[in-house]
Amino acid sequence: MIQIVPAPKKTTFFQRDYAYNGETVRTSIDILLGEEEYILEVTSEDGITIIGGSEKAVFYGECTLEQILLQNKKRIRAMKIEDEPVFRYRGFMIDCARHFFTVDELKAIIDTMARLKFNYFHWHLTDDQGFRMQIDALDKLHKEGSVRLGSHFGGTHSNSKYEGYYTTQQMQEIVQFCAERYIEVVPEIDVPGHATAMIHAYPEMSCRGRKVPVETRQGIFKNILCAGSETTYEYLCKILDEMCRIFPGEYFHLGGDEVPKENWEHCSACKNAMKENGLESYEQLQAWLMNRLAAYLQQKGKKVICWNDALKGENLSKNFIAERWMDRKNLTLYWANSGRKVIMGDFYHTYFDYPYAMTPLKKVYRYSPYLKNMDIRGKESIEGLECCVWTEHISSNAAIEYMLFPRAAAVAQTAWGCGRENYAYFESALKAFKPIFKRNRINCAPQKDWNPLPHKRLGGVVKLLVTTLKGLSYQPKA
Ligand code: ACM
Ligand code: ZN
């Protein structure tokens with residue numbers, strides 16, 4: 001029995017087997033197949049052939065073959081695999097703002113994700129605790145916005161300087177590395193909230209115009225970009241220009257999550273913008289800001305994504321693709337059912353910054369991107385799925401790998417082959433995937449940690465709550 005993760009659409013086994021001597025696999029392209037569709041055949045007469053709808057599809061056939069060869073080195077059962085994904089967008093997000101991961105560390109993760117047939121790397125590059133992109137037009141962003149004077153997250157309290165940013169060349173290197181694996185980089189600049197590091201570098205982008213330190217704690221902060229000031233747009237467009245030169249992909253993420261509007265309520269520029277543009281609420285002001293930036297990006301051919309929080313402004317452009325993560329008002333459901341695009345995820349299932357005690361592997365595997373009451377149009381509006389790893393509590397490469405793997409494989413399973421196999425198949429296919437983790441030196445969580453017993457789950461969740469609350473109430477010395 002051959003087990004593949006993510007599970008292929010259809011596998012037919014034949015009685016004979018084939019003696020594989022390491023000879024070349026014959027690959028070809030048939031444009032009648034889908035862009036990500038491939039047929040892999042192992043026959044005793046012709047050896048191994050892969051036909052794909054594109055070079056990318058052939059690559060996916062090769063990824064499948066790699067797993068077959070890892071399970072059967074010499075004699076391979078004759079078979080035919082016909083495969084294609086359920087969802088076209090299969091993403092993973094890494095937060096490199098709270099903690100910084102080196103190019104080599106990212107490459108090991110990206111290569112592993114490619115073998116799981118993920119095709120989008122959403123790179124969260126800016127947040128309150130650090131701005132991590134070189135931007136030559138506004139160089140204080142990376143020179144000053146990338147440095148914070150301590151880290152007070154959860155149970156960790158350090159007063160050491162923490163810094164790091166990706167140079168243009170390094171970002172291009174990641175783009176190229178991803179492209180070689182048919183992964184597109186989706187860069188994110190998070191606006192107008194989570195912007196303390198930007199405001200530290202350029203206080204004129206905020207309502208009060210005052211310098212603030214780069215955040216050293218976790219949370220949601222009221223220093224947000226001023227929506228009424230033309231300087232904000234002028235600076236943001238310069239940043240977007242540079243990001244578009246570095247990241248040639250189709251998708252672009254503008255953030256838009258967790259935006260406390262308090263400072264806008266006391267800002268004459270923000271109030272004027274509301275009056276002049278007939279905006280009735282601060283949520284509409286946020287949507288107006290994001291619409292302006294999205295229109296700018298759309299002129300450059302981008303498809304723009306926002307977190308589901310931005311849907312609260314009823315005037316948000318219908319062209320936005322909403323990324324769902326937590327949506328108590330079910331605005332994502334409304335968005336999808338009215339035919340607008342969505343990318344699905346869920347805080348309780350696809351957020352891997354939380355321990356296995358809270359989000360065990362089985363729970364991730366069981367995640368369904370179909371919301372209750374989603375109609376046919378809504379289901380058709382799903383571009384795909386994304387898992388996220390936020391890094392307030394994750395400061396080392398070993399830790400991020402442990403949190404990501406193997407849970408990301410369960411998301412890959414849903415994104416590529418939703419409903420095709422059962423959990424038992426998935427777990428044993430994961431064992432067969434182990435050599436790929438090993439080859440990339442991935443610190444995959446051991447099987448004993450994947451699904452903790454109920455008492456351990458409770459203990460783990462309590463511990464998480466206590467350390468998070470301690471972190472939130474901690475006041476660093478001035
Ligand atoms: C988010 O987790 N704040 C998108
Ligand atoms: Zn303002």
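Atoms within a ligand are numbered from 1 in the order they appear, just like the ligands themselves.
- Residues Thr332 and Asp327 bring a donor and an acceptor atom of their side chains to less than 3.5 Å of each other.
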### Task
Check the pair Glu144 / Lys211 against salt bridge (Lys or Arg N to Asp or Glu O under 4.0 Å), numbers first and verdict last.
CA-CA 12 Å; Glu144 298 178 18; Lys211 195 155 185 95; 3.5 Å; yes

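- Take the Zn ion (ligand 2) as the corner point: the lines to SG of Cys270 and to SG of Cys207 open at 110°, to the nearest 10 degrees.
- In this structure, Phe405 has its ring center closer than 6.0 angstrom to the ring center of Phe437.
- Nearest non-hydrogen protein atom to atom 3 (N) of ligand 1 is Asp257 OD2, 2.7 Å.
- Ligand 1 lies within reach of Trp390, whose nearest heavy atom is under 4.0 Å from it.
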Original post:
What do the steps show when you test Arg115 against Asp111 for salt bridge (Lys or Arg N to Asp or Glu O under 4.0 Å), and what is the final call?
Top reply: CA-CA 7 Å; Arg115 312 287 146 191; Asp111 185 73; 2.8 Å; yes

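- Here the side chain of Asn159 pairs no donor or acceptor atom with the backbone of Gly150 at under 3.5 angstrom.
- Those atoms of ligand 1 with a heavy atom of Glu258 less than 4.0 angstrom away are 3 (N).
- Protein heavy atom in closest approach to atom 2 (O) of ligand 1: Tyr351 OH, 2.6 Å.
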